[in-house]
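When a ligand or atom number is given, it counts from 1 through the structure's own listing order. The first residue of the sequence shown is numbered 1, and numbering continues consecutively from there.
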Amino acid sequence: MNLKIAVLAGDGIGPEVTNEALNVLNAVAKHGGHSFTYTDLLIGGVAIDAEGTPLPQATIDGTLAADAALLGAVGHNKFNSFPPSQRPEAGLLKIRSVLGGFANLRPSVAYKPLADNSALRPEITEGVDIMFVRELLGGLYFGEPRWWNREEKLAHNTMVYSEAEVERVARIAFKLAQGRKKKVTSVDKANVLEVSQLWRYVVDQVAKDFPDVTLEHQLVDSMAIHLMNRPKDFDVVLTENLFGDILSDEAGVITGSLGMLPSATLGGKVNLYEPVHGSAPDIAGKGIANPIGAILTAAMVLRHSAGLEKEAKAVEVAVAEVLAAGYRTADIARGDIAGQKKVSTGEMGKAVLDAIQL
Ligand code: IPM
Ligand code: MN
């Protein structure tokens, strides 16, 4: 199979972790006789430095010409005083909107030995396997009008969703649930927000087409606590854009580290793949970042863009094995637990590579 992949490594630890993801893709390609080709493109802070904009036209064109886009991370604190529209993050939001993918899948799997490293007790986290489906193109992130008027000492953002926007992402959540434990938890703030009332109404309508799937509604504030107290009760969790941003970070507690989480954005012209974590400029270039989020993101490329499900699974199994064998980057290491092998970004990547059985 042939796959043209646009590589948007971005800022901070983005290039380091993306490198490990590419090693995994190359190993799979080599073994199966597939041709994966890569085009490096600028996004985020590195694009601002080089071209004066967080998303150069060449990046847009190159990504649209690819079959899949793999992103590392964007953001750097040196741009903290910039307005949102000129920050590195604006490049990511714009490429999301250009590509048009609206369903951001964020699987959160608690790998068993990592229970040791979670702030939660092992019996709470063991066996957790949640698929967050975060709506990625609507809500407060993109709603207009948006402004900050310094003289008026006033700022404004808009939370807006159409029924069609909710329906299309809800359908994806229900379809995914059919292949899993057949439960959808839809998250909203329907006790306060009209937008959430519309959200709940549409999700209820969509649920009628999926009688084999159980639907529950949760308010986002209580969902935040249920996720910590009883994460095993959840299967597919459907959220609007901002709630999903927040809750998927919270899932990093369940999985031991934010560095563990991958994502895939489907439904647009080109699927966009990115780990959930940020650019972590404080540890960039030190070779200590956790590449597992990026490697699991590569597995999602194999699954959703290359149609290589067996190979995707093999990568995920290799990650589980390497963790079981005690390999730990700094974010998931605990000095007081015997048998842990503290490794660098590259050593973790290599350990996963060596464990992949194709
Ligand atoms: C994420 C990130 C992004 C978001 C930022 C970098 C714009 O936090 O992918 O979760 O808020 O969506
Ligand atoms: Mn986030």
Measure from atom 10 (O) of ligand 1 to every heavy atom in Leu261, Asp245, Asn241 and give the option owning the shortest one.
Asp245

Ignoring hydrogens, just give me the one of Glu89, His277, Arg96 whose non-hydrogen atom is nearest atom 3 (C) of ligand 1.
Arg96

If we count only N and O atoms by modelled type, under 3.5 Å, do the side chains of Thr158 and Glu144 hold a donor and an acceptor together?
no

In terms of side-chain heavy atoms, does Gln178 have a donor or acceptor partner in Asp212 at a distance below 3.5 Å?
yes

Measure the distance from atom 4 (C) of ligand 1 to every protein heavy atom, then report the residue, atom name and distance (to 0.1 Å) of the closest one.
Tyr141 OH, 3.4 Å

For atom 1 (C) of ligand 1, what's the nearest protein heavy-atom neighbour? Residue, atom name and distance, please.
Arg106 NH2, 3.3 Å

What's within reach of the Mn ion (ligand 2), meaning protein N/O/S atoms under 2.8 Å?
Asp245 OD1

Side chain Glu347, main chain Ser344, donor-acceptor under 3.5 Å:
yes

From the options Ile48, Leu92, Leu93, Ile95, select the one residue that forms a side-chain contact (heavy atoms from CB on, under 4.5 Å) with Val74.
Leu92

Under 4.0 Å between a side-chain nitrogen and a carboxylate oxygen: does that hold for [X] and [Y]?
| X | Y | answer |
| --- | --- | --- |
| Lys181 | Asp129 | no |
| Asp204 | Arg200 | no |
| Arg180 | Asp235 | yes |

Begin with the C-alpha distance, continue with both residues' side-chain angles, and end with the deciding distance and a verdict on side-chain contact (heavy atoms from CB on, under 4.5 Å) for Leu25 and Ile5.
CA-CA 10 Å; Leu25 290 176; Ile5 303 174; 3.9 Å; yes

Answer yes or no for Arg87: is there a heavy-atom contact with ligand 1 below 4.0 Å?
no

